[in-house]
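In each ligand, atom 1 is the first atom listed, and ligand 1 is the first ligand listed. For clarity, every value in this text was computed on a predicted model and none was experimentally measured. Numbers here are sequence positions counted from 1. Side chains are part of it too, since the values below use all heavy atoms of this structure and drop only hydrogens, waters and symmetry mates.
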Amino acid sequence: MITLLESRAVNKRFGGLQALTDVSLKIHRGEVYGLIGPNGAGKTTFFNVLTGAYPIDGGEFVMNGTELPAGKPHRIVAHGVARTFQNIRLFRDLTALENVMAGHHIRTRAGVWGILTQSRTAREEEKLVTERALEILDYVGIGRHADTVARNLSYGDQRRLEIARALATEPQLLALDEPAAGMNATETAGLRALIETLRADGITVLLIEHDVKLIMGLCDRVAVLDFGKKIAEGTPAEVQRDPGVIRAYLGDHRAH
Ligand SMILES: Nc1ncnc2c1ncn2[C@@H]1O[C@H](COP(=O)(O)OP(=O)(O)OP(=O)(O)O)[C@@H](O)[C@H]1O
């Protein structure tokens, strides 16, 4: 097993609240790794410190053996970490294609400035970026909606578009924050198939999800957080029968 991402004793506080306490875990290259736990356990906070949205108060993330630059979202993306959000955050008035292209520009040489000045390199890159964005839309199953404005897409397709936008940054690790939230059974089945394709194509997936069936059916390994601490880790079956995990969920007065 090759470790892709390791968190070492990661800590995060919000004022007097200790949201993460010494969270250490290793995600293997090519696996789907689930992060579960009751409401308020610290799952999204873990994503936020991993991706640099929030500064870290202690510990570190190591990707491919290199420490990630804490608190620097763009540089962390350049290390191959991409994410989606619990609440969809698309450019609602841009087309699906434009949304994906926006995700891609972080990887292009000319960048936004080049596009504005319309240099030859920039125009050539723009063509390649467009082609690649169309490929990615096809890959996630919404190629036919390339010219549809994001807000007019169905809910399930908006979620797919979020994944497409994250994929445009060419991640090695894709962190999905509750991707099945609000989906109907058909959409969830489609999402599961897409994540299985991602794994088969070598993308490592870190998944926060409340849908237990999806977690159990999809994840290679799962870690459980409770009150900011990792209380269990293992295969879905191991974690499901762990007494500490059962207690955390049954004793959970914060549950949905
Ligand atoms: N920006 C913030 N400022 C203050 N407190 C925060 C902030 N973000 C999260 N918290 C607190 O940190 C704790 C962990 O929250 P977090 O959102 O990470 O939990 P979660 O496991 O993702 O929960 P859920 O399943 O409900 O999304 C909670 O007590 C929450 O209120």
- prompt: Nearest heavy atom to atom 2 (C) of ligand 1: which of Phe227, Phe47, Phe14, Phe46 does it belong to?
  reply: Phe14
- request: Indicate yes or no: does Glu135 engage Arg132 in a salt bridge with an N to O separation below 4.0 Å.
  value: yes
message: For ligand 1, which is the ligand I care about here, please tell me if Gly37 has any N or O atom under 3.5 Å from one of the ligand's N or O atoms.
response: no
statement: Here the atoms of ligand 1 under 4.0 Å from any heavy atom belonging to Ala19 are 12 (O)
field: Side-chain donor-acceptor contact under 3.5 Å, Asp177 with Thr84
entry: no
field: Residue-ligand contact Tyr54/ligand 1, heavy atom below 4.0 Å
entry: yes
- prompt: What residues, two or more places apart in sequence or in another chain, satisfy side-chain hydrogen bond (donor to acceptor under 3.5 Å, both in side chains) together with Asp22?
  reply: Asn11
query: Under a 4.0 Å N-O cut-off, is there an ion pair linking Lys230 with Glu233?
result: yes
message: Among Gly42, Ala41, Ala181, Gly40, which one puts a heavy atom closest to atom 24 (P) of ligand 1?
response: Gly40
task: Provide the number and element of each atom of ligand 1 under 4.0 Å from a heavy atom of Gln86.
output: 27 (O)
- prompt: Just wondering, more than 12 heavy atoms not from Asn87 lying within 6.0 Å of its CG?
  reply: no
- prompt: Do we see a donor-acceptor contact under 3.5 Å between the side chains of Asn64 and Gln172?
  reply: yes
- prompt: Taking only heavy atoms of His210, which atoms of ligand 1 are found under 4.0 Å from at least one of them?
  reply: 25 (O)
message: Under a 4.0 angstrom heavy-atom cut-off, which atoms of ligand 1 come close to Thr45?
response: 9 (C), 14 (C), 15 (O), 16 (P), 18 (O)
statement: Under 4.0 Å from one or more heavy atoms of Lys43, ligand 1 contributes atoms 18 (O), 19 (O), 20 (P), 21 (O), 22 (O), 23 (O), 24 (P), 25 (O)
message: Between ligand 1 and Leu17, is the shortest N or O to N or O distance under 3.5 Å?
response: no
message: I need the full list of ring pair (Phe, Tyr, Trp, His ring centres under 6.0 Å) pairs touching residues 121-173, with sequence neighbours left out, sorted by first then second residue.
response: none
